[in-house]
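Below is one structure, written out as structure tokens, with a few remarks after it.
Chain naming here is simple, since letters A, B, ... match the order of the sequence lines and numbering starts at 1 in each. As the structure is a prediction and not an experimental result, all values here were calculated from the model.
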There are 2 protein chains.
Amino acid sequence: MYSIGDLSRRTGVKAPTIRYYEQMGLLEAPERSEGNQRRFAKAELERLAFIRHARDLGLTINSIRQLIGLSGHADRPCADADRIAKEQLASVRDRIAKLQKLEEELERIATCCTGETVGDCYVIRALSDHSLCGHEH
Amino acid sequence: MYSIGDLSRRTGVKAPTIRYYEQMGLLEAPERSEGNQRRFAKAELERLAFIRHARDLGLTINSIRQLIGLSGHADRPCADADRIAKEQLASVRDRIAKLQKLEEELERIATCCTGETVGDCYVIRALSDHSLCGHEH
DNA sequence: TCTTGAACCTCTAGTCACTAGAGCAATTAG
DNA sequence: CTAATTGCTCTAGTGACTAGAGGTTCAAGA
């Protein structure tokens with residue numbers, strides 16, 4: 001039996017966040033002590049590790065809820081779980097591509113500023129004038 | 001003189017978002033028609049394009065407010081503008097690095113699932129078990 | 001056994017950058 | 001002149017937490 005603080009230390013998830021996950025239905029309401037404090041079993045520790053891991057991978061609370069729903073039915077085809085992971089992968093790749101364009105452009109903007117005052121600052125001119133951009137966005 | 005809809009079409013920023021920017025102090029309160037509708041001058045169109053561009057680059061509303069503050073004083077050194085751009089670049093690079101780790105891991109997870117049912121689904125096992133990860137996160 | 005201080009409880013509100021909707025008023029095209 | 005479109009303000013919702021108030025419980029030392 002772990003207190004919320006134990007769980008927090010073991011998983012690196014802050015206590016208010018654990019309560020939030022419970023509220024969002026990712027964790028089941030745990031047992032309580034006589035004084036109404038949460039007492040978690042090992043299964044909950046493992047589930048929280050799962051949630052933490054999935055969040056680190058960028059899955060939304062909703063996706064995680066779906067995965068938890070799936071894992072309750074070990075006999076069902078795993079195509080859904082696979083689909084969720086693939087969707088997540090696609091979205092991550094998309095975000096990377098967008099950020100790389102930004103990187104390129106910010107690089108140009110931030111390294112080309114040779115002006116002494118704001119009046120001739122390349123940063124500000126580049127932000128004002130889209131035509132200075134290397135590409136569309 | 002542009003209506004809010006004109007401005008929206010010209011900059012690709014939705015009308016409610018334009019009002020929001022005004023409320024946040026990024027745009028000055030524009031003139032109004034007799035019937036209390038916003039009428040924007042060309043300067044506001046340009047400033048909105050600036051804001052749009054900066055938002056596309058991932059700058060926060062706060063950073064943009066700072067830049068707008070700077071650009072009002074064309075005689076001040078542009079080191080601040082430069083710093084804001086550099087900070088932004090660093091944060092973008094950071095995000096890219098993190099996402100690339102995720103990509104790697106999701107790739108492994110999503111392409112290795114050969115199980116037929118959730119019970120032996122690699123996706124779910126990998127999410128539960130951090131030790132299956134290729135690296136720390 | 002008592003006491004102290006840390007950890008815990010619930011509840012509300014705040015964050016960011018919008019977005020959606022209700023319920024009206026003004027403008028514009030035919 | 002009328003109908004359709006566009007605009008107005010205001011409130012509330014989003015996601016995933018985080019912070020704070022104001023109170024209760026627990027565990028360890030004296």
Side-chain angles (χ1 to χ4, degrees), chain A residues 1-27 29-40 44 47-48 50-68 84 87-88 91-92 95 98-99 102, chain B residues 1-27 29-40 44 47-48 50-68 84 87-88 91-92 95 98-99 102:
Chain A
M1 287 291 141
Y2 308 102
S3 72
I4 200 168
D6 291 339
L7 217 63
S8 175
R9 271 181 296 278
R10 272 161 209 271
T11 60
V13 179
K14 290 185 197 149
T17 305
I18 296 174
R19 292 191 199 102
Y20 171 75
Y21 288 159
E22 181 186 329
Q23 210 188 316
M24 293 298 101
L26 299 191
L27 290 171
E31 290 179 44
R32 298 288 184 131
S33 71
E34 290 211 347
N36 197 35
Q37 300 194 352
R38 288 169 181 79
R39 292 294 175 260
F40 297 90
E44 270 120 17
R47 177 175 283 197
L48 184 54
F50 172 101
I51 294 168
R52 167 88 214 264
H53 197 176
R55 285 290 305 133
D56 280 352
L57 291 172
L59 302 198
T60 65
I61 298 278
N62 255 343
S63 294
I64 296 170
R65 216 188 335 250
Q66 284 174 52
L67 285 176
I68 287 172
I84 290 172
E87 277 171 13
Q88 190 53 29
S91 120
V92 165
R95 279 186 275 161
K98 286 208 178 100
L99 284 174
L102 296 194
Chain B
M1 286 292 137
Y2 310 102
S3 72
I4 200 167
D6 291 339
L7 217 62
S8 176
R9 273 181 296 279
R10 273 161 208 270
T11 59
V13 179
K14 290 185 196 148
T17 305
I18 296 173
R19 292 191 200 101
Y20 170 76
Y21 287 159
E22 181 186 330
Q23 210 188 316
M24 292 298 100
L26 299 190
L27 291 170
E31 288 178 47
R32 298 287 184 130
S33 73
E34 289 210 348
N36 198 36
Q37 299 194 352
R38 287 169 180 80
R39 292 294 175 260
F40 297 89
E44 269 120 17
R47 176 176 285 197
L48 184 54
F50 172 100
I51 294 168
R52 168 89 215 265
H53 196 175
R55 285 292 303 134
D56 280 352
L57 292 172
L59 302 197
T60 64
I61 299 278
N62 255 342
S63 292
I64 297 170
R65 214 186 337 247
Q66 285 175 50
L67 285 175
I68 288 172
I84 291 170
E87 276 171 13
Q88 191 53 30
S91 121
V92 165
R95 277 186 278 161
K98 285 207 179 101
L99 283 174
L102 295 194

Per B/Arg39 side chain, nearest of listed nucleotides C/dA17, C/dT27, C/dT19: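 Closest nucleotide to the B/Arg39 side chain: C/dT27.
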
Length of the [atom1]-[atom2] vector between [X] and [N], whole Å:
X	N	atom1	atom2	result
B/Arg52	C/dC18	CZ	C1'	13 Å
B/Gln37	C/dC24	CD	P	18 Å
B/Met24	C/dT19	CE	C1'	14 Å
A/Tyr20	C/dT15	OH	P	17 Å
B/Glu34	C/dA26	CD	P	11 Å
B/Glu22	C/dC18	CD	C1'	16 Å
B/Arg38	C/dT27	CZ	P	14 Å
B/Ile4	C/dT19	CD1	P	13 Å

Interface limits on DNA chain D, where chain B has a heavy atom under 4.0 Å of a nucleotide atom: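 From 5' to 3', the first and last contacting nucleotides are D/dG7 to D/dT9.
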
C/dC8 OP1/OP2 closer than 4.0 Å to side-chain N/O of A/Arg32: no

A/Leu48 CG to A/Glu22 CD distance, which is reported to the nearest 0.5 Å: 11.0 Å

Point-to-point distance, once rounded to the nearest 0.5 Å, from CD of A/Glu87 to CG of A/Leu59: 10.5 Å

Sugar-phosphate, base or nothing in reach of B/Arg19, heavy atoms under 4.0 Å: base

